[in-house]
Amino acid sequence: MRNKIEGVLTAIVTPFTDDGDLHLPGLKRQLQRQLAAGNGIFCGGTNGEFFVLTEEEKVAVTRTCVEEVAGRAPVVAHIGEISTRATIRLGKQVEALGVDAVSVITPWFVPLTQAELISHYTAIADALSVPVFLYNIPARTGNTIEPQTARVLASHPNIIGIKDSAGSYESLSGFLKAAEGIDGFDVLNGPDSLIHQGFVEGCSACISGLANVAPEAINAIWTRFHAGDIDGSRQAQEGVTELRTSLYKVAFSPAAVKKALQVMGEEVGESRYAVAFDAQQTEQIRQIVTKSLQ
């Protein structure tokens with residue numbers, strides 16, 4: 001029997017040096033911050049900038065996470081690539097490192113039918129021994145996993161749930177409804193604005209990008225909910241939602257999250273993709289972070 005993955009998993013950033021190289025000591029520092037707050041780890045995802053990492057770097061990031069966490073919290077690694085073959089190749093390397101589960105984004109650039117998505121995920125789940133989460137983020141991939149497709153894939157013994165980052169309550173509730181009555185198939189919430197609502201309606205965990213910036217505040221939504229303090233959980237969510245709204249008005253994740261960490265004094269480096277902040281934007285983020293951490 002696998003351990004159920006519950007609570008908060010931080011979509012951990014991937015730190016880089018000033019030269020843009022992988023900075024594993026910086027990653028270890030970020031992992032310790034999250035462990036101290038009681039959060040698990042989701043590595044190599046959107047906030048981890050998987051789209052600008054080499055396969056070797058993805059393996060190095062995952063290895064560092066597993067070794068640094070050392071069984072104290074769950075570690076889920078994202079392994080999604082544009083092809084089924086490449087996803088399986090990376091997945092076999094990652095599962096050997098001892099992660100608790102992997103997450104697989106839909107392929108991007110080329111539109112796929114639901115039948116093709118079923119074939120893609122089935123082949124991956126067949127090839128790997130580590131449990132697999134589906135990962136739905138259509139705004140970034142152009143491909144949507146429909147709730148009925150998730151229900152079909154839930155019958156696979158090695159597919160244990162779905163991470164929904166579509167960004168809407170309608171999408172999240174659709175997957176929660178599709179998962180009803182299916183033992184061993186969990187829904188993980190992606191948008192930071194829906195963490196509390198997700199827990200109320202049955203999500204087992206959230207994957208939070210903002211937990212990089214405010215690990216304790218995000219964790220409070222879960223711990224209060226888990227303790228039966230529903231109103232306290234809702235209040236914690238309100239503070240997080242205010243931070244999210246303000247920060248993402250300046251720039252969207254993951255760049256905004258990394259810049260926020262920088263102004264907090266964390267050595268995470270710049271994002272690798274083509275994004276830039278001017279002095280005014282940096283000052284805006286500084287003010288937002290200062291207010292949120294008071």
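Fair warning: this is a prediction, and the values are worked out from it, not measured in the lab. Along the sequence shown, residues are numbered consecutively beginning with 1.
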Report yes if some heavy atom in the side chain of L9 is under 4.5 Å from a heavy atom in the side chain of V75; otherwise report no. no
Near E6 CD, under 6.0 Å, is it more than 12 heavy atoms from other residues, nucleotides or ligands? yes
CA sep, side-chain torsions, deciding dist, call: L22, F16, side-chain contact (heavy atoms from CB on, under 4.5 Å): CA-CA 5 Å; L22 203 58; F16 300 123; 4.1 Å; yes
Mark yes when over 12 heavy atoms from residues, nucleotides or ligands other than D18 sit less than 6.0 Å from its CG; otherwise mark no. no
Please step through side chain to side chain donor-acceptor pair (under 3.5 Å) for the pair E201 and S173, ending with a clear verdict. CA-CA 8 Å; E201 299 198 16; S173 61; 5.6 Å; no
Go through the steps to decide whether T17 and H23 satisfy the test side chain to side chain donor-acceptor pair (under 3.5 Å), and finish with yes or no. CA-CA 5 Å; T17 66; H23 185 35; over 6 Å; no
Does any N or O in the side chain of N47 come within less than 3.5 Å of the main-chain N or O of P254, such that one atom is a donor and the other an acceptor? no
Specify the closest pair of heavy atoms between L53 and K58, including all atoms of both residues, with the distance to one decimal. O-CE, 3.4 Å
Return yes if some donor-acceptor pair links the side-chain N/O of E266 with the main-chain N/O of R29 below 3.5 Å, else return no. no
Side chain proximity check, L153 to H156, heavy atoms < 4.5 angstrom: no
Using a strict 4.0 Å threshold on nitrogen-to-oxygen distance, state whether E180 and K177 make a salt bridge. no
Please report the C-alpha distance between Q237 and R234 in whole Å, then the side-chain angles of each, then the deciding distance to 0.1 Å, and finally whether the side chain to side chain donor-acceptor pair (under 3.5 Å) criterion is met. CA-CA 5 Å; Q237 175 70 71; R234 180 187 55 76; over 6 Å; no
What distance separates D164 CG from C206 SG, expressed to the nearest 0.5 Å? 13.0 Å
Between the side chains of E49 and K258, is the shortest nitrogen-to-carboxylate-oxygen separation below 4.0 Å, so that they form an ion pair? yes
Candidates W108, F109, Y273 - the one meeting ring pair (Phe, Tyr, Trp, His ring centres under 6.0 Å) with F51: Y273
Could you grab the distance from atom CD1 of I105 to atom CG of L134, nearest 0.5 Å is fine? 12.0 Å
Hey, does the side chain of N158 reach the backbone of D126 with a donor-acceptor pair shorter than 3.5 angstrom? no
Using the rule given for side chain to side chain donor-acceptor pair (under 3.5 Å), can you reason through Q114 versus Q148, listing the C-alpha separation, both sets of side-chain angles and the distance that settles it, and then say yes or no? CA-CA 9 Å; Q114 296 302 297; Q148 182 56 35; over 6 Å; no
Grab the two heavy atoms, one from V257 and one from G209, that are nearest each other, plus how far apart they are. CG1-O, 3.9 Å
Do you know the tightest heavy-atom contact between A77 and V99? CB-CG1, 4.0 Å
Could you check whether any side-chain N or O of N39 sits under 3.5 Å from a backbone N or O of P215, counting only pairs where one atom can act as donor and the other as acceptor? yes
State whether the number of non-hydrogen atoms from other residues, nucleotides or ligands found under 6.0 Å of D183 atom CG is greater than 12. no
A255 to S271 - nearest heavy-atom pair and separation: CA-OG, 3.6 Å
Of all heavy-atom pairs between G38 and N219, which one has the smallest distance, and what is that distance? O-ND2, 3.4 Å
Sidechain-backbone polar pair: S246 side chain, E242 backbone, donor-acceptor under 3.5 Å: yes
Are the side chain of T122 and the backbone N or O of I118 linked by a donor-acceptor pair below 3.5 Å? yes
Flag side-chain contact, heavy atom, 4.5 Å: T46 against S165: no
Sub-4.5 Å side-chain heavy-atom contact between S233 and I221: yes
ring-ring contact (aromatic ring centres under 6.0 Å, His included) contacts touching residues 235-271 (sequence neighbours left out): Y248-F252
For L27 and P15, the nearest pair of non-hydrogen atoms, with its separation, is N-CG, 3.4 Å
Report the relative orientation of the aromatic rings in H78 and Y135; use parallel for angles under 30°, tilted for 30 to 60°, perpendicular for over 60°. perpendicular
Please check this pair: side chain of N212 against backbone of A11, looking for a donor-acceptor N/O pair closer than 3.5 Å. yes
Is the shortest side-chain heavy-atom distance between F185 and I162 below 4.5 Å? yes
Can you spot which of K28, R63, Q32 makes a side chain to side chain donor-acceptor pair (under 3.5 Å) with E68? Q32
Going from OG1 on T106 to NE2 on H120, what distance comes out if it is rounded to the nearest 0.5 angstrom? 7.5 Å
When rounded to the nearest 0.5 angstrom, what is the spacing between CE in M264 and CD1 in I285? 12.5 Å
How about K92 and L128: do any of their side-chain heavy atoms sit closer than 4.5 Å? yes
Decide side-chain contact (heavy atoms from CB on, under 4.5 Å) for L261 and Q30; before the verdict, give the C-alpha distance in whole Å, the side-chain angles of both, and the deciding distance to 0.1 Å. CA-CA 10 Å; L261 285 169; Q30 296 310 311; 4.1 Å; yes
Among side-chain atoms of E283 and Q287, is any donor-acceptor pair under 3.5 angstrom? yes
Close side-chain approach of Q93 and E55, heavy atoms under 4.5 Å: yes
Is there a donor-acceptor pair closer than 3.5 Å between any side-chain N or O of N143 and the backbone N or O of V110? yes
Could you tell me if the side chain of S204 sits less than 4.5 Å from the side chain of L188, heavy atoms only? yes
Indicate the ring-plane relationship of W222 and F225, choosing parallel, tilted or perpendicular according to the 30° and 60° boundaries. tilted
Short question: side chain of S193, backbone of T241 - any donor-acceptor pair under 3.5 Å? no
Going from OG1 on T149 to CG on L117, what distance comes out if it is rounded to the nearest 0.5 angstrom? 7.0 Å
Please answer whether the main-chain N or O of V104 pairs with a side-chain N or O of Y121 as donor and acceptor at a distance below 3.5 Å. yes
Distance, nearest 0.5 Å, that separates CD1 of I41 from CG of L35: 5.5 Å
Do other residues, nucleotides or ligands put more than 12 heavy atoms under 6.0 Å from R72 CZ? yes
